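Remarks on the structure that follows.
Indexing begins at 1, ligand by ligand and atom by atom, following the structure's order. Values in this document were obtained by computation on a predicted structure and should not be read as measured data. Index from 1, following the sequence.
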Amino acid sequence: MKKSILIGIVGSLIAGGAFTAYADKTHVLNSEKNSLVLTVDDNGTAFYQYFGPKISDSDVEGMLNVNSGLFGYTLPAFGLDSYGDKALAVKMPDGNISVDLQLVGEEMSSDDKGDLLTLKYKDKVYPLAVTQYFRRYKDTEIFSTWTEITNTGKKGDIELLTFASAAFPLARRDNYLTQFQGTWGCETFVTEEKLPNGQTLIANKAGLRNAFGSNPGFMISADGKAGENSGEVFAGNLVWSGPFKTRIEASPNFIQIISGINEEISNYDLTPGETFTTPEFIMTFSNEGKGGASRAFHKWGRKYGMTHGDRIHDILLNSWEGVYMDVNQEVMDEMMGDIAALGGELFVMDDGWFGDKYPRKRDESSLGDWMVNKEKLPQGIKGLTEAAKKHGVKFGIWIEPEMANTASELYEKHPDWILQQPNRPLQKGRGGTQVVLDLTNPKVQDFVFGIVDNLMTENPEIAYIKWDCNADIMNYGSTYLPKDKQNELFIRYHQSLRKVLERIRAKYPDLAIQLCASGGGRADYGVLPWFDEFWTSDNTDAYQRVFIQWGDSHFYPAIAQASHVSASPNHQTGRVVPLKFRFDVAMSGRLGMEMQPKTMTDAEKDFSKRAIAAYKDIRPLVQFGDQYRLVSPYDKGAVAALMYADEKKDQAVVFAYRMDYLHNQSVPTIRLEGVDENKTYRISDITPSDASKPSDLDGKVVSGKVLKNAGLNVRNSLGRPWTSLVLKLTAQ
Ligand code: DGJ
């Protein structure tokens, strides 16, 4: 509920001993479980006072009476004091590098997304206005903050040197930081360590694939290591797909998090009258451990952070690992028939279908030439959509719209449309010829929009687009931007990308679009709002996927994680694991297949059919349910496990994987956190290898109390390497 109260406390509040202030006005944003409390002193300086379990007005009053609270500036600006890290630093038109803000307005309002607190500031002397927003997202535990910075002058630019979205304080105790790093084929690796004093940086500068390297999501425990289901955790993430930077400054007596666009090689000049809006920093507080923070983000993600988070996502076959670029009408037709026969709902033709003068046979040519290659597909896309109709599946297609190859008709016609720098050799990526289009150029924006628009206008039957991105910005220069705006390229590229995606979504709201960037290179909330899901990793090895999906699950819901069953031996790691294990891992996300079904034996096809049918049964639980991570693969024990449950905990599904095998190794029971202790559940093994020989747990009826406290004994079912279980629990 929206809350804006005047508490009128007179008394000195000590802020880290550094200054004295009077709490004049207090603003409270409440969610169902949490409160965010801000105070504004009589000098007009705003402070974060509290973020944690919900408190009442009298609690707030008491807290301020005893001088408790965070006392962290909401907008530390550089200039009149240089103590500590700053969220805002500018260079005024006359060269003055200082900011002195005066609060000129406070407003609490609500809109369709929830409650919004607005604080308005003006510099006391210079033509600079800053509006700071604090939002509480309706029906979720997610809060956010961002700013709008305006040059209100008539003459002269204001240079933004530092323009973070958030400066957030945390109490310094025995804090642990969890962060996520990765690279191609090894995304979202989880690291948890004691937060050291000094500055810890979580940052990225690649330009496009910003979830390679560091993911912008992170968690900090409040006191001691937080567990999956217990302990207090602050979790934050930045809604920006471009270079970002989160600085966590910890000293023996405070923590300050400053998060925003990475301003290195990205300072921005505000022209007179121009407003710059920083991306949203989203955050939650959980006293149900890291799992609670993740569930809050999943719920927010489904509702606000992705497209179609409330719509069941199809089971698909993607052609990439099955045939790579050897696509043609016959093979595509056959694969559509195969996935239809297995119970799938959608077929996606991946790379290799386009290019006329430069046919796409390998990755060294054709990007930009989005016309069908008539040799491979003489009947055009129509031939494919008709084949899909014949087989009763939907049809999807791969594109990589932000890119070109220098071996392409597009490049020959518009060499100025690609990012490039004067007097420097052109750096080329994949295939030795891949370059990035200059999306800051409105003509290029029209071209990129047109790729989707032309495909959809000519083939309205297309139900799904895989939007790939296999490069970073290696040529930092634009022929479109003027000389004095070159330094804004990273920012303007991503603003332009958003514009194009908004246009696409306005015209094609129903289209499913997958976000792919050489796998999970864009697994972040910066662009996910315009997409239905992301391709989790080019690494489809089920064993390593348990780790990658575990990492992603800290911030991104299962419905957004495309998870495909591929061939064995696996194409990336060479690992050989049974089909059941591969299915059981893929079924914990958005299930799909990525192989040539023709190579499967009848027994494998039979199993795949049963597994796909089972997934349909549990799909609402996986795609919309609450996720509980139960046993971490990082613990390097015998087994890893996770589960999903519906809101009332009437139904649940448990996934358990044998990750390590030493003879006679202990396999501890798995405690099912996501069940209701007051209910009794019937267990069914829904993916037995042999339909007539389910696990010994199948059909058993057990109380929630036992499942949660004594745990589930999986020793018999997971006694061998690469064994796995998917168990459905139904309350009786
Ligand atoms: C990279 C993607 O991650 C793959 O899934 C595939 O689409 C290839 N690109 C195609 O070139």
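- Remark: ligand 1 atoms within the under-4.0 Å shell around heavy atoms of Lys466 are 4 (C), 5 (O), 6 (C), 7 (O).
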Phe347 and Ser319: side chain to side chain contact (heavy atoms under 4.5 Å, CB included), yes or no, with the steps?
CA-CA 8 Å; Phe347 174 76; Ser319 63; 3.9 Å; yes
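- Taking the centre and axis of the six-membered ring of Phe354, the NZ or CZ atom of Arg360 falls outside the cone set by 45° and 6.0 Å.
- Per-residue contacts place Cys516 under 4.0 angstrom from the following atoms of ligand 1 (heavy atoms of the residue considered): 2 (C), 3 (O).
- Among protein heavy atoms, the minimum distance from atom 4 (C) of ligand 1 is reached at Asp538 OD1, 3.3 Å.
- Side-chain atoms of Thr307 come within 3.5 Å of backbone atoms of Pro529 as a donor-acceptor pair (strictly under, hydrogens ignored).
- Residue Ala517 has no nitrogen or oxygen atom sitting less than 3.5 Å from a nitrogen or oxygen atom of ligand 1, judged on distance alone.
- In this structure, Trp240 has its ring center at least 6.0 angstrom away from the ring center of Tyr525.
- A cation-pi geometry, defined here as NZ or CZ lying under 6.0 Å from the six-membered ring centre and within 45° of its normal, holds between Arg545 and Trp535.
- For ligand 1, the atoms lying closer than 4.0 Å to a non-hydrogen atom of Asp350 are 6 (C), 7 (O), 10 (C).
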Step by step, would you call Phe555 with Phe180 a side chain to side chain contact (heavy atoms under 4.5 Å, CB included)?
CA-CA 10 Å; Phe555 284 92; Phe180 309 87; 3.6 Å; yes
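- Listed by number with element, the atoms of ligand 1 under 4.0 angstrom from any heavy atom of Trp535 are 3 (O), 5 (O).
- Among Asp351, Ile399, Val348, the residue whose heavy atom lies closest to atom 10 (C) of ligand 1 is Asp351.
- Only the side chain of Arg430 comes within contact range of ligand 1, with a heavy atom under 4.0 Å; no backbone atom does.
- With a heavy-atom cut-off of 4.0 Å, Asp468 touches ligand 1 through its side chain alone.
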